[in-house]
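Take a look at the structure set out below.
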Amino acid sequence: LSQAYTNMPPSDNTADIQINLHGATKKKDPLTVFRRDVRILLLEGVHPEAQRKLELDGFTVDYHKGSMDTEQLKECIGQYHVVGIRSKTKLSREVLEVATNLLMIGCFCIGTDGVDLTYCAERGIPVFNAPFANTRSVAELAIAEIVILARKAGDHIKGMHQGNWQKTASGCNEIRGKVLGIVGYGHVGTQLSTMAEAMGMKVQFYDVQPKLALGNATSAESLEMLLQTSDFVSLHVPKLQSTTNMIGRKEIAMMPKGAKLLNLARGNVVVLEDLAEALNEGHLGGAAVDVYPVEPLKNGPGFETVLQGCPNTILTPHIGGSTQEAQEAIGNEVYGRFIAYFQDGSTMGSVNFPNCDIASAPNTLRVVNCHKNVPGVLATINDLLKDVNIQAQVLGTNEQIGYLMCNVQTHEATQVRDVIAHLGHSVRTRVLLPPIPVSPTRNARDMSLDQPVARGAR
C-alpha cells in the first residue's frame, strides 16, 4: 500500500491525512493509512449530508438505505474501517470478530444498544453516537402526543377513517394546568420541560442525578411521588439494568385513574402486558409508545404488539428522532466526531472510551495509545519515555481500557510509537503523521490495508 503511494507522482490536489498504525492484532507491523484508503459503510439511510461531507473530505463511502442482518454484515464488514449505523443494525461480537480493519463505529442516533461496546473497547475501537442532535424532534413528538391523548384524537381519527362520526367532549381536556411528570431530566427531558411549560403545563421531574430545574419545573422527591401526582408521565431514560421494566403493574397502579403514560425512551422500560391491562381495564386514560422490546429490522407488514387495539393508544414505529432536521444534525455531529478521532485522536463523545483530547502544538506529532487498564501501565510508559521530550500528555481510563495521548517532538514520534506499541498490554497505537499530497484517482475499494509500511514511505 505505502509503496504504491511512494511510486506515485506528486499532486497539487488537497493534502491527505496520514496516520501510522499498529493494529489491534498480534501482528505488530506498522501500517500507514491515508484518508483515501479508508472505506466507510453507512447503513439505514443515514442522512446524505454525512455521506457528502465524508466524500468531500476524500473518504470512500458505500451508502445503503437499508440495514443488514448478521450474515450480510459478516460477508462484507471486513472490507471497512468505519461503519455508520442507526438503531436497526446489530453489531454483535460475532460480527465484530470478522471486522479486522475496523477503526471506529458511528451510531447515527442516541442509543448504542445494538453494538457490543465491551468487545469494541477490547479491540481498541471507539464508538460514537449523537446524544444531542435529535432531542428537539423527540420532544416535539411527545408534546404532540400529549395533546392528542388529552383530546382522544387518535381514536376519533380512526373512527372518521372508518366513517364513524362521534363528536363528543366526554373525557377530553385541555393540557393547560395539567401536571406533566418527566422521568429522566436529560437532553430530551429538559427540552420537553421547557416546551410543556410554555403551553401552560405544570412540570415536575425525577432523575437519579441532581439536575438544575428549568423555568418553574420542580424536582419530585421520588419516582413514586411523581407517578402519584402526575396527569401525564413521559419517560426519557437510557437503557440500563436499573431502567429495565422500571414501569410495570406496581408503578402503573400508583398513577391516578385516567392518567396517561408516554414512552419515547427504550423499548424495555415498560412492561407492555401490564400497560395493556391497565388501558383495557380503564385505569389509565391513554398511552403513547414509540419504542418496543423487539423491533423489525426492515419496514413492512407483520409487526405485532399487545398494545394493538387498546383504547386511546398511540403506536408509532420508533420515529421520535425521524425528522429531516434531526437526521441532518445527527449526520453532522457524528461526522465531526469521526474527523476529530481520525486526524486528531480525540475520543470526545465516545461511549466506550475515556473522553480525551489535547491541543496541538507546532513541531510535534501526536502519539495515541489504547491499552488494557491494568496497574502499572502508565508507570511503565513514563519510564520508557523518560528521555523523550513530551510537549503535552493526557491519560484517561475506564474499567476496561486506558487511552493515552501525547505530543512529542517530530523526530521522536515513530520511536515513541514503537516502544509503546510493543508493550504487552497495548491494544492499538497510532502516530498521526503530517498531511501529504495524493492523487485523486486512488480508490480504497481497490486497496488492502493488510500490508506493512514500505521502507522510505514516510
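Values reported hereafter were calculated over all heavy atoms of this structure, with side chains retained and with hydrogens, waters and symmetry mates removed.
Considering all non-hydrogen atoms of both residues, D57 and R35 come closest at O-CD, 2.6 Å. Residues C356 and T347 approach most closely at N-OG1, 2.9 Å, considering heavy atoms. Contact record, Y335 with L54: CD1-CD2, 3.6 Å, taken as the closest heavy-atom pair. Nearest heavy atom pair, residue G345 against residue V368, reads CA-CG1, 4.2 Å.
In this structure, R266 forms no cation-pi arrangement with Y292, as its terminal cationic atom is not both closer than 6.0 Å to the ring centre and no more than 45° off the ring axis. In this structure, R337 is not positioned above the aromatic face of F128 in the sense of NZ or CZ being under 6.0 Å from the six-membered ring centre and within 45° of the axis.
Using a 4.5 Å cut-off on side-chain heavy atoms (C-beta onward), I182 and V203 make contact. A 4.5 Å side-chain heavy-atom check between S426 and N369 finds at least one atom pair inside the cut-off.
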Practice task
Give the C-alpha distance, both sets of side-chain angles, the deciding distance and a yes or no for side chain to side chain donor-acceptor pair (under 3.5 Å) between T118 and D116.
Solution key: CA-CA 6 Å; T118 300; D116 190 331; 4.5 Å; no
Practice task
Could you walk me through whether E94 and K74 pass salt bridge (charged side-chain N to carboxylate O under 4.0 Å, His left out), step by step?
Solution key: CA-CA 8 Å; E94 180 183 356; K74 288 170 66 176; 2.9 Å; yes
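Between the side chains of S230 and Q204, a donor-acceptor pair is found at a separation under 3.5 Å. Side-chain contact, H236 with S234: a donor N or O sits under 3.5 Å from an acceptor N or O. E44 and T89 share a donor-acceptor pair across their side chains, judged by distance under 3.5 Å alone. Remark: the N398 side chain and the Y403 side chain contain no N/O donor-acceptor pair separated by less than 3.5 Å. For the residue pair N129/T112, the side-chain donor-acceptor check at 3.5 Å is not satisfied. Y80 and R39 share a donor-acceptor pair across their side chains, judged by distance under 3.5 Å alone.
The structure places CD1 of I358 at 5.0 Å from CE of M405, a figure rounded to the nearest 0.5 Å.
Checking I339, V82, D37 one by one against F59, the side chain to side chain contact (heavy atoms under 4.5 Å, CB included) holds for a single residue, I339.
For N332, the side chain to side chain donor-acceptor pair (under 3.5 Å) criterion is met by K53, not counting sequence neighbours. Scored by the ring pair (Phe, Tyr, Trp, His ring centres under 6.0 Å) test, H187 finds F132 as partners (sequence neighbours excluded).
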Would you tabulate the side-chain donor-acceptor contacts of residues 209-221 under 3.5 Å, counting partners in other chains and residues two or more places apart, or write 'none'?
unit_1 : atom_1 : unit_2 : atom_2 : d
K211   : NZ     : Y185   : O      : 3.3
K211   : NZ     : D207   : OD2    : 3.2
N216   : ND2    : E197   : OE2    : 3.0

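With a 6.0 Å radius and a threshold of 12 heavy atoms from other residues, nucleotides or ligands, H64 has its NE2 atom above the threshold.
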